[in-house]
Participant: 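Supplied in structure tokens, the structure appears directly below.
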Amino acid sequence: MFDKLLRKKTTAVPSTLKERLNVLKEKPMPTHVAIIMDGNGRWAKQRKLPRIAGHHEGMKTVRKTTLFASEIGIRVLTLYAFSTENWKRPKREIDFLMKLPGEFLSTYLPELVENNVKVEMIGTAELLPAHTKDAIEKAMNATAHNDGMILNFAMNYGSRFEIAEAVKAVAQQVSDNTIELSSITEETISTALMTSHLPDPDLLIRTSGEVRLSNFMLWQLAYAELAFTEVLWPDFNEENMLNIVEDYQNRNRRFGSLEGDEIK
Ligand code: IPE
Ligand code: IPE
Ligand code: MG
């Protein structure tokens, strides 16, 4: 308790944005923001650097974005860090990407703890190298009792795989007679997904100008507001995020009805 009171918060808001931030805080924030962090390779190529330099720089954006999201009151931040399709990349690049969670967490874990951030993961951990899995587990354990923003890494995550596994789990319950076939609802499926304990994302952001989902949270994004920006992930900053959240707050989320002149 005392320990929590003594935690000093790292402020993530540049002074130029402070005023806009106060206005932003008056309106409802997206509870869950999901980001497809794309464009690291192109960022590096522009600078004639190897692709891995882009991934390394992207890690700093992860830190910046996490602190900023936590500061503005977002409750869950899901970051797409490695897809089930990314295993198709050259081994050298995969090896580097698998080292990043370890480096990120050994550098920034104390800061995450200070800011009361809780680290979680979706994806299949068993298929990750031991050092990657260990680093994530250590961070999850160290932050398990934090009740601030959830920083949820999608690591070796693929939405179709996730849905297939959920269907298997539900089918098993039917064959065990734990549930009736006729009682399966949308809720049954949601509960069987890796995100069962999280609200669906309100806002999806993809950087780098690509306009696709690349097998990311297909079920959960059913009613998310989508935001695509040309900015490459290593260049993505607080102002870019602020612009997107402001735009989100000015949208009319109807959820199929005719009501809702403002974000609910
Ligand atoms: C996103 O950047 C990071 C991962 C997919 C791991 P990319 O590596 O996809 O960068 P681009 O799309 O080639 O620029
Ligand atoms: C999606 O980006 C996966 C992550 C950001 C981790 P990719 O760069 O792998 O997606 P595609 O290949 O452009 O669809
Ligand atoms: Mg890409």
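All values below were derived from every heavy atom in this structure, side-chain atoms included, with hydrogens, water molecules and symmetry-related copies excluded. Whatever order the structure lists them in is the order used to number ligands and atoms, beginning at 1. Numbers here simply count residues along the sequence, with the first being 1.
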Participant: Would you mind listing which atoms of ligand 1 come within a distance below 4.0 Å of any non-hydrogen atom of Arg51?
Facilitator: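 Going through ligand 1 atom by atom, the ones under 4.0 Å from Arg51 are 7 (P), 8 (O), 10 (O), 13 (O).
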
Participant: So with a 6.0 Å cut-off around CZ of Arg160, is the heavy-atom count from everything else above 12?
Facilitator: no

Participant: Regarding Ser159 and Trp219, is there a side-chain donor-to-acceptor distance under 3.5 Å anywhere?
Facilitator: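 Per modelled atom types, Ser159 and Trp219 side chains form no pair under 3.5 Å.
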
Participant: Can you tell which part of Ala154 has a heavy atom less than 4.0 Å from ligand 2: side chain, backbone, both or neither?
Facilitator: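 Within the 4.0 Å criterion, Ala154 makes no contact with ligand 2.
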
Participant: Tell me whether Asn86 has any N or O atom under 3.5 angstrom from an N or O of ligand 1.
Facilitator: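 No.
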
Participant: Are Lys27 and Asn250 linked by a side-chain donor-acceptor pair shorter than 3.5 Å?
Facilitator: yes

Participant: Which ligand 2 atoms are under 4.0 Å away from a heavy-atom of Arg212?
Facilitator: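 This gives 11 (P), 13 (O), 14 (O) as the contact atoms.
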
Participant: What protein heavy atom sits nearest atom 14 (O) of ligand 2, and how far off is it?
Facilitator: Ser214 OG, 2.6 Å

Participant: Should you measure from each heavy atom of Ala81, which atoms of ligand 1 turn up under 4.0 Å away?
Facilitator: 6 (C)

Participant: Students should be able to answer this: which protein heavy-atom is nearest to atom 1 (C) of ligand 1, and at what distance?
Facilitator: Met37 O, 3.0 Å

Participant: Does a donor on one side chain and an acceptor on the other come within less than 3.5 Å for Arg254 and Tyr223?
Facilitator: no

Participant: Does ligand 2 have a heavy atom under 4.0 Å from the side chain of Phe82, from its backbone, from both, or from neither?
Facilitator: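 Backbone only; the side chain of Phe82 stays clear of ligand 2.
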
Participant: Does any N or O of ligand 1 fall below 3.5 Å from an N or O anywhere on Asn40, backbone included?
Facilitator: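 Such a contact does occur with ligand 1.
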
Participant: Pair Asp95, Lys91 - check salt bridge (charged side-chain N to carboxylate O under 4.0 Å, His left out), show working.
Facilitator: CA-CA 6 Å; Asp95 288 348; Lys91 184 176 180 306; 2.7 Å; yes

Participant: Side chain or backbone of Glu85 under 4.0 Å from ligand 2, or both, or neither, by non-hydrogen atoms?
Facilitator: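 Answer for Glu85: neither.
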
Participant: If only side-chain N and O atoms count, and only distance matters, is there a donor-acceptor pair under 3.5 Å linking Glu85 with Asn215?
Facilitator: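 Per modelled atom types, Asn215 and Glu85 side chains form a pair under 3.5 Å.
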
Participant: Only N/O/S atoms count here: what is the atom of Asp38 closest to the Mg ion (ligand 3) called?
Facilitator: OD1

Participant: Below 4.0 angstrom, N of the basic side chain to O of the carboxylate: do Arg42 and Glu210 qualify?
Facilitator: yes

Participant: Quick one: look at His55 and ligand 1, take heavy-atom pairs under 4.0 Å, and tell me if it's side chain, backbone, both or neither.
Facilitator: side chain

Participant: Hey, is Arg206 touching ligand 2 through its side chain, its backbone, both or neither, going by heavy atoms under 4.0 Å?
Facilitator: side chain

Participant: Quick one: do the Thr188 and Thr191 side chains pair a donor with an acceptor below 3.5 Å?
Facilitator: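 No, because no side-chain N or O of Thr188 sits under 3.5 Å from a partner of the opposite role on Thr191.
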
Participant: Within a strict 4.5 Å, meaning less than it, do heavy atoms of the Trp43 and Trp233 side chains meet?
Facilitator: no

Participant: Any protein heavy-atom neighbour for atom 12 (O) of ligand 2 (distance below 4.0 angstrom)?
Facilitator: no

Participant: Among all protein heavy atoms in this structure, tell me which lies nearest to atom 10 (O) of ligand 1, with the distance rounded to 0.1 Å.
Facilitator: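 Atom 10 (O) of ligand 1 sits closest to the protein heavy atom Gly41 N, 2.9 Å.
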
Participant: I need the Gln249 CD to Arg251 CZ distance, nearest 0.5 Å.
Facilitator: 11.5 Å

Participant: Ignoring angles and geometry beyond distance, decide whether Ser83 reaches within less than 3.5 Å of ligand 2 through its nitrogen or oxygen atoms.
Facilitator: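 No; every N/O pair is 3.5 Å or more apart.
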
Participant: At a 4.0 Å cut-off, with the gap strictly under it, does some heavy atom of Arg89 reach an atom of ligand 1?
Facilitator: yes

Participant: Side chains of Gln220 and His32: do they bring a donor and an acceptor to under 3.5 Å?
Facilitator: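 Result is no, nothing qualifies.
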
Participant: Yes or no: does Gly39 have any heavy atom under 4.0 Å from an atom of ligand 1?
Facilitator: yes

Participant: Got a donor-acceptor contact below 3.5 angstrom from the Asp235 side chain to the Leu232 backbone?
Facilitator: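 Judged by distance alone, no pair lies under 3.5 Å.
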
Participant: At a non-hydrogen distance cut-off of under 4.0 Å, which region of Ser208 contacts ligand 1 (side chain, backbone, both, or neither)?
Facilitator: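 No part of Ser208 comes within reach of ligand 1.
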
Participant: Side chains of Asn86 and Ser83: donor-acceptor distance under 3.5 Å anywhere?
Facilitator: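 Result is yes, a qualifying pair exists.
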
Participant: Under 4.0 angstrom from ligand 2, any heavy atom of Glu210?
Facilitator: no

Participant: I'd like to know whether ligand 1 has Ala44 as a neighbour, heavy-atom separation below 4.0 Å.
Facilitator: no

